[in-house]
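Read through the structure below, which is laid out as structure tokens, and then see the notes.
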Amino acid sequence: MSFPLLTATAVLPALGAVATAAVPAARRTAAKWLALVVSLATLALAVTVLVRFDPDGARYQLTENHAWIADFGVRYELGVDGIGVALLALTALLMPFIILAGWHDADPLETGSRRWRPTQGFFALILAVEAMVIISFEATDVFLFYIFFEAMLIPMYFLIGGFGDRAHEHGEETAATQRSYAAVKFLLYNLAGGLIMLAAVIGLYVVAGNFSLQQIAEARANGSLHMATGTERWLFLGFFFAFAVKAPLWPLHTWLPNAMQESTAPVAVLITAVVDKVGTFAMLRFCLQLFPEASKWATPVILVLALISVVYGALLAVGQRDIKRLVAYASISHFGFIIMGVFAMTSQGQSGATLYMVNHGISTAALMLVAGFLISRRGSRLIADYGGVQKVAPVLAGTFLIGGLATLSLPGLAPFVSEFLVLVGTFTRYPVIGVIATFGIVLAALYTLVLYQRTMTGPVKPEVSAMPDLRVRELVVVAPLIVLLIFLGVYPKSVTDIVNPAVRQTMSDVHKTDPKPEVEAAK
């Protein structure tokens, strides 16, 4: 039997989480190094998966299929397509940077403080989330996917509520209350979505008789499985609602700003660059494959909601006083673009949406982690508390600028290509939606450049006059992300070659072809 490579990529961080949690309390540094080594080893396995994946081969590769709960048709079934393997690689890539960036975020505070936090638990929870996200990208059994789709909420709840940001303008007791509120809101929103999805998962089993994504999709394609129109639409809505909460899509987005504001910067990156991608990925893998006709039926409404997310998120980002909330609302706007690309039902839109997931993960990680380094130095998240930082910490300011320019999709940086593909793919089928969505780009330039101007330029405020520049550990975190932003900005083909065959197969699932250009042939 061949080596179960996909299982190994998920089991390794899970075992690493257990081992990290078991490190004696007095050996906090050892726990950190163990978590970092495990994340690097997981990255090596993810690279192996990426190398062994053949974009022109079978749709799902490196498959594993074993009986699990035979009486209920549940199987341990894994496989990756081009979209899944790209997001698996993104997750494994970001984890070492998240761990390095949070190296001191869970160190014990002053003696007697009620905010003492076990360092080992912090890093163990991060590795647990990595394991659950990775298997979510690999699962081709619907029930197996659902288990880990929901299970990842538990470690995320403790990361938000138990390891919140130390920079708070209101004191420890108020900060603890707000962290608890953000964690509970995150949990309730996502649990509500998950419970509705569970009803849909059960309904799917009643209709199909099994949970295998491949078997159900094949049965639908060859006509051996028929779903009544009403049944298919209700099941689609159950799945889509859960994914829209996770994504998040307006108006189900309100948990994200609170969660990111109260989290440490690395955990905020974990939320928006890693965990939230499971929602948009699942729209492509499950909604479109399992319910193609219902997906087309719901497309006009979903596109309007995505457009509202684009404009609404960007508008609210412009008016934010808190750095982390600004990045959170910017992410809501970006997720609107991703969902718009998915449901534009064009190859350019879906290819751009997948590329956007990867690029948004890298650009958000770069911007938020540098913002976290900035906040840890000043002890404040408020934009008004900064000014003139580029004069005292030019490297920090420079990396912050590049992360911000990537967020506004500057040509030459990675997000530009993905945003351009999404807009082109949307415009060819829904021109009004595509035109209005371009205002999101203008607003992105506004909130990004205003943020940089208010924090980095102008007179040096006394509170930042002695601010140190980026240290070696922080440069190790930021520099590779900046390099990736530039590399994927000038050579996106390295990702599109992997995802495009999977996009073409998804387009075939929903029986859609790209619109033909309405231009006269050249004479």
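Residue numbers start at 1 and run along the sequence shown.
At least one donor-acceptor pair under 3.5 Å links the side chain of Gln61 to the backbone N or O of Asp54. Not one N or O on the side chain of Thr457 forms a donor-acceptor pair closer than 3.5 Å with the backbone of Arg454. Between the Thr63 side chain and the Leu78 main chain, no donor and acceptor come within less than 3.5 Å of each other. When atom types are taken as modelled, the side chain of Ser263 and the backbone of Ala268 share no donor-acceptor pair closer than 3.5 angstrom. Looking at Lys461, its side chain does come within 3.5 Å of a backbone N or O of Ala384 through a donor-acceptor pair. Counting only distance, with no hydrogens or angles, the side chain of Glu130 and the backbone of Ile126 share no donor-acceptor pair below 3.5 Å. Under a 3.5 Å cut-off, the side chain of Lys185 and the backbone N or O of Trp255 do not form any donor-acceptor pair. Tyr386 contributes a side-chain N or O that, together with a main-chain N or O of Ser380, makes up a donor-acceptor pair within less than 3.5 Å. With hydrogens and angles disregarded, a donor-acceptor distance shorter than 3.5 Å links the side chain of Arg381 to the backbone of Gln261. In terms of modelled atom types and a separation under 3.5 Å, the side chain of Asp469 and the main chain of Val395 share a donor-acceptor contact.
Aromatic ring pairs are classed by plane angle as parallel below 30°, tilted from 30° to 60° and perpendicular above 60°; the pair Tyr356 and His334 is tilted.
Ring-centre distance between Phe335 and His360: below the 6.0 Å cut-off. In this structure, Phe281 has its ring center closer than 6.0 angstrom to the ring center of Phe137. Aromatic ring centres of Tyr76 and Trp68: separated by at least 6.0 Å.
A salt bridge links Arg377 with Glu474: the distance from a Lys NZ or Arg NE/NH1/NH2 to an Asp or Glu carboxylate oxygen falls below 4.0 Å. Taking the charged nitrogens against the carboxylate oxygens, Asp141 and Arg75 have no contact shorter than 4.0 Å, which rules out a salt bridge.
Using a 3.5 Å distance cut-off with no hydrogens or angles, the side chains of Ser331 and Thr272 do pair a donor with an acceptor.
When all heavy atoms of Leu451 and Thr455 are compared, the pair lying nearest together is O-OG1, 2.7 Å. The two residues Gly352 and Ser418 come nearest to each other via the heavy atoms O-CB, 3.5 Å.
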Going through the distances and angles, do Tyr452 and Gln390 end up as a side chain to side chain donor-acceptor pair (under 3.5 Å)?
CA-CA 10 Å; Tyr452 184 84; Gln390 69 179 13; 2.9 Å; yes
Would Glu138 and Thr9 count as a side chain to side chain donor-acceptor pair (under 3.5 Å) here? Give the steps.
CA-CA 10 Å; Glu138 298 172 343; Thr9 59; 2.6 Å; yes
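Atom CZ of Arg378 sits in a crowded spot, with more than 12 heavy atoms from other residues, nucleotides or ligands closer than 6.0 Å. Enclosure of atom CZ in Arg27 is not indicated, since only 12 or fewer non-hydrogen atoms of other residues, nucleotides or ligands lie within 6.0 angstrom. Open room surrounds CZ on Phe158; 12 or fewer heavy atoms of other groups in view lie less than 6.0 Å from it.
Using a 4.5 Å heavy-atom threshold, the side chains of Pro55 and Val85 count as separate.
For the ring pair (Phe, Tyr, Trp, His ring centres under 6.0 Å) test with Phe286, the passing option among Phe211, Phe143, Phe145 is Phe145; the others fail.
Cation-pi geometry between Lys246 and Phe149 is met: under 6.0 angstrom from the ring centre, within 45 degrees of the axis.
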